[in-house]
Amino acid sequence: MRVDLWALYQKSMLGGLGGLFGWALITWLGPDASIGVFLSDLMSGALIGVSLGACCGAWDGLFRSKSLRRAFSGAAIGAGIGLVGGMIGLLLGELIFAVAGGGLAPRAVGWAIFGAFVGANEGIARGMRLTTFYGSYGGFLGGLIGGSTYESLFGFFRGTLEREAAQAVGGAVGLVLLGLFIGALIGLVEDLFRTAWLLFTSGRLEGQTRTLDSTKQFTKIGRSEVADICILGDPQLAHNHARIASRDGEFVIEAQDGEVLVGQSGKLSPVTVHQLQSGETIQVGSSRAQFHTRSVRS
Amino acid sequence: MNRVVLGASLLACAVLWVVLLSIASTAKAHAQSASVPAQDGSVAIVKYIDKSRFSDKNPTTGTFGEITLRLDILGPTKAPIIDIKQADIRVSEEGIDCPVKTFTGPSSQAINVIFVIDVSGSMSEAGKIDGAKSATLIAINELKLDRDRVGIIAFDHGFDVIQPLARLDASVKQSCQERVGRLRPRGGTVIGVPVVEALKIFDQTKPDGSKMILVMTDGEDDKLPGYTTQISQMSESRGVPVHSIAFGTPLVPFAKQSLESLASRCHGRFYHAPTNQELVTIFRSRVLEMANECTIVYDSPYPQPDGLPRKVQVSINTPSGVLAANSDYQIGPIIAGARRSSPSAQVAGAIETKSSSAGVIKACLFLGLGAFLVGALIVPYFLGSRLNANENSLPASSGPAASPMVSPQKVVPPPPPPVRPTPPVGPSPHIASKPPGNTAVTPLPAAGTTVAPSPSTQQMPPKAPSPKTIKPLPPPPKPTARPPSPSPPPSGGPQEPPGGKKPPPPLPPPPPKRT
């Protein structure tokens with residue numbers, strides 16, 4: 001079990017930034033209180049969902065692949081999924097809140113549902129079912145924690161500030177915390193639950209991990225910006241250098257347009273097709289990575 | 001750790017956090033809902049805030065945001081203080097004075113009560129059915145003729161509206177006595193359905209004055225928790241509290257829990273009446289307490305439901321002095337405060353000067369929080385990059401990993417230039433786990449030597465070159481991290497010269513061209 005702390009930190013900060021942009025959007029562009037509650041929730045959910053989804057979706061391009069193009073495309077996909085997810089999530093949450101008659105716990109559950117929809121966007125964008133589940137569960141937990149904190153903050157600030165100011169401060173800090181928790185829990189749940197991953201030990205991605213999703217048939221590695229594991233700036237790497245196939249819970253690396261070396265700690269040899277074992281090192285281009293698995297007990 | 005256990009642990013932590021915040025929030029609300037008694041013990045207590053008409057447009061004034069406060073104003077002997085006038089009352093919400101539209105003193109307003117009585121088979125034991133009948137009739141006697149209204153629903157596994165909600169007069173009173181007298185115990189216990197029916201009756205008749213439902217049962221209904229949410233929502237929207245009474249002994253834990261939950265979610269109270277006499281006392285006291293309630297109706301200064309908590313303060317001039325009572329309520333959607341809530345016209349002037357400062361606060365918040373978050377992202381990233389660049393210019397020495405905050409990891413030597421075998425053209429997609437001869441470890445060439453293709457690899461037909469096939473290797477890239485001095489490679493791979501600069505490796509021969 002390995003938690004990528006740096007990635008977790010980045011995701012939580014980006015989530016917080018998404019929450020802040022969402023707050024700004026609904027504060028200055030959001031619906032007026034005169035329109036219906038559910039229509040208002042559709043609009044607010046869309047605005048917050050777009051912000052959170054865009055920020056979370058841009059993470060891979062900004063900090064992992066270091067590709068602006070990938071960051072923009074990730075943000076666009078995240079924004080689109082976040083828009084729909086935010087609308088549905090906040091609407092469902094409002095229904096639960098209304099049926100329960102209000103209160104802190106139902107409000108937190110409502111935000112948890114919103115978080116679940118937003119958290120699924122990365123997995124949906126990458127076509128990874130397990131990652132979608134991890135993201136949803138992490139988003140649910142983040143929404144539960146962040147939503148309840150958001151609710152409490154207004155009361156906390158109300159004790160010291162005027163109503164309008166408390167509303168502004170509580171709303172801003174609350175939505176930032178909501179985004180922060182959603183981002184952090186999405187990353188944490190994925191890191192804790194994943195059963196296979198690559199840990200890059202040299203090259204451009206040194207120190208980073210990449211989750212291997214057993215529900216995704218092929219995980220492509222290469223210099224192409226559409227590759228699942230994109231390693232830019234390595235002239236030794238082909239655009240479609242290799243791929244890792246998932247078969248019956250096992251992972252098999254297959255060389256495509258480039259050379260793949262596999263072995264144990266320094267003794268690497270070229271392979272065409274090779275079933276990976278935990279602890280083995282692979283080399284693609286000038287990047288080396290260790291393959292790790294975590295046994296799954298029922 | 002098992003993933004299910006891990007996931008459940010995370011959920012438990014999150015739920016615990018929510019529960020702790022709920023408890024803190026409730027405790028704070030209770031503390032804020034304090035009543036300040038006068039020196040002689042007189043006290044005013046806000047018991048219930050009726051928001052059912054908040055979103056209804058007042059036909060007379062055309063305004064929204066009507067709130068009804070129900071409170072007890074009690075003297076030193078806990079008897080209601082009756083000589084209070086509307087002019088003696090001051091109400092403020094969120095610090096803004098609100099004109100009182102109507103004030104109804106104790107014993108001045110109509111009481112509307114529906115009794116929901118259990119007549120299931122178990123009520124035949126120990127004379128409980130007689131106790132229920134006499135308690136109901138005694139409570140009805142406390143109601144005022146030609147002002148108050150009464151309804152009675154008897155239930156077992158079904159229900160009968162034996163007295164529709166009607167203004168109490170001599171004939172209605174007589175009818176109640178006859179119909180209650182004819183009740184006979186039979187059947188099972190289904191509580192939720194008759195309570196919903198009672199709420200529907202209030203919805204259809206819309207009587208003025210105070211409203212309440214009194215539910216009495218000696219049994220337990222495992223379907224009641226499934227109705228509680230619907231009942232609480234209807235109770236909230238109609239402004240009808242529901243009080244529940246568990247009758248008889250022993251008190252089954254499940255029945256107590258479900259009835260308590262019903263009462264608390266419907267702004268009512270739960271009682272346990274172990275004997276017939278206790279039941280009579282509870283019925284009578286509930287009706288009297290309701291008769292002694294005062295109501296204050298005012299329009300909220302924020303007539304749009306914005307989800308934000310609102311503090312309400314009531315002060316009452318009495319012969320004993322000024323009594324104060326505080327409470328709070330929330331009305332509106334899940335996303336508290338997101339909807340821009342305009343104050344009513346009458347108070348807009350009072351808060352106009354505060355709006356401009358709120359705009360400045362919002363702008364500062366956005367810029368400040370944004371700068372903090374962006375800085376928190378960018379600064380560590382650039383620090384890590386600079387550290388990386390500095391390490392690249394240093395002689396070979398140990399150094400930290402490229403990115404800050406990365407978990408410690410084993411630093412490996414930079415990869416030597418790979419040897420290019422000619423991969424086999426094999427159709428089998430299945431796992432070729434180290435077939436002999438194909439994946440034998442090729443010894444790494446020493447510096448300056450020419451590498452000849454190994455015999456095993458030469459046996460394989462070469463792969464047709466594709467446009468994207470990597471050409472013969474350029475010089476290896478510079479390592480991104482300086483490792484500590486490694487032990488020499490076991491098979492005599494290229495040694496790093498002391499100056500830290502690797503000589504370019506010899507270029508391997510190009511692969512044979514396929515014709």
Side-chain angles (χ1 to χ4, degrees), chain A residues 5-6 9 13 16-17 20 24 26-27 30-34 37 40-41 44 93-94 97 99 101-102 104-105 107-108 110 141 144-145 148 152 154-155 162-165 167-168 171-172 176 192-193 201-202 206-207 238-239 252 257-259 261 267 269-273 275 283 286 288 297, chain B residues 2-3 6 10 14 17-18 21-22 25 28 94 229 232-233 236 304 306 308-309 330 333-341 354-355 358 361-362 365-366 369-370 373 376-377 401-403 405-407 409 412 414-415 418 420-421 423-424 431-433 439 441-442 466 468-470 477 480-481:
Chain A
L5 294 176
W6 180 225
Y9 173 80
M13 290 298 125
L17 207 56
L20 181 67
I26 60 174
T27 297
D32 195 73
S34 57
V37 167
S40 165
D41 282 331
S44 301
E94 185 69 53
F97 181 71
V99 165
L104 186 144
R107 200 188 291 268
L141 294 176
L144 202 59
I145 299 171
S148 55
S152 307
F154 179 80
E162 295 291 338
R163 189 171 195 265
E164 294 261 351
Q167 178 182 341
V176 166
L192 290 177
F193 280 44
T201 56
S202 69
E206 183 180 346
H239 282 272
V252 175
D257 297 337
E259 197 167 68
L261 305 179
K267 280 191 180 180
S269 49
V271 300
T272 308
V273 175
Q275 179 176 334
Q283 181 174 330
S286 60
R288 278 194 181 182
R297 294 194 294 275
Chain B
N2 185 299
R3 283 194 295 182
L6 196 56
L10 288 173
W17 175 254
V18 174
L21 282 181
S22 291
S25 169
K28 191 177 176 191
E94 290 291 290
T229 301
S232 69
Q233 192 190 1
E236 179 84 18
Q304 287 147 350
D306 54 15
L308 297 171
Q330 274 177 287
I334 187 176
I335 181 162
R339 310 170 80 209
R340 291 170 290 176
S341 172
K354 298 176 189 174
S355 298
I361 289 173
K362 287 175 188 174
L365 263 176
F366 179 72
L369 284 172
L373 289 167
L377 272 170
S403 306
M405 295 186 66
V406 72
S407 301
Q409 53 172 321
V412 298
R420 285 176 55 82
I431 298 160
S433 51
T439 56
V441 175
T442 307
S466 69
K468 294 184 182 173
T469 304
I470 301 296
T480 55

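Residue numbers start from 1 in every chain, and the chains themselves are labelled A, B, ... in the order their sequence lines are given, proteins ahead of strands.
Shortest non-hydrogen contact noted between A:Ala172 and B:Leu365 is CB-CD1, 3.9 Å. Heavy atoms only, all atoms of each residue included: B:Val18 and A:Ser148 are closest at CG2-OG, 3.7 Å. The shortest non-hydrogen separation linking B:Ala376 to A:Tyr9 is O-OH, 2.7 Å. Closest non-hydrogen pair, A:Leu144 versus B:Ala14, comes out as CD2-CB, 3.7 Å.
Within the 4.5 Å cutoff, the side chain of B:Leu10 has heavy atoms near those of the A:Phe193 side chain.
Note that CZ of B:Phe366 is 10.0 Å distant from OG1 of A:Thr27, once rounded to the nearest 0.5 Å.
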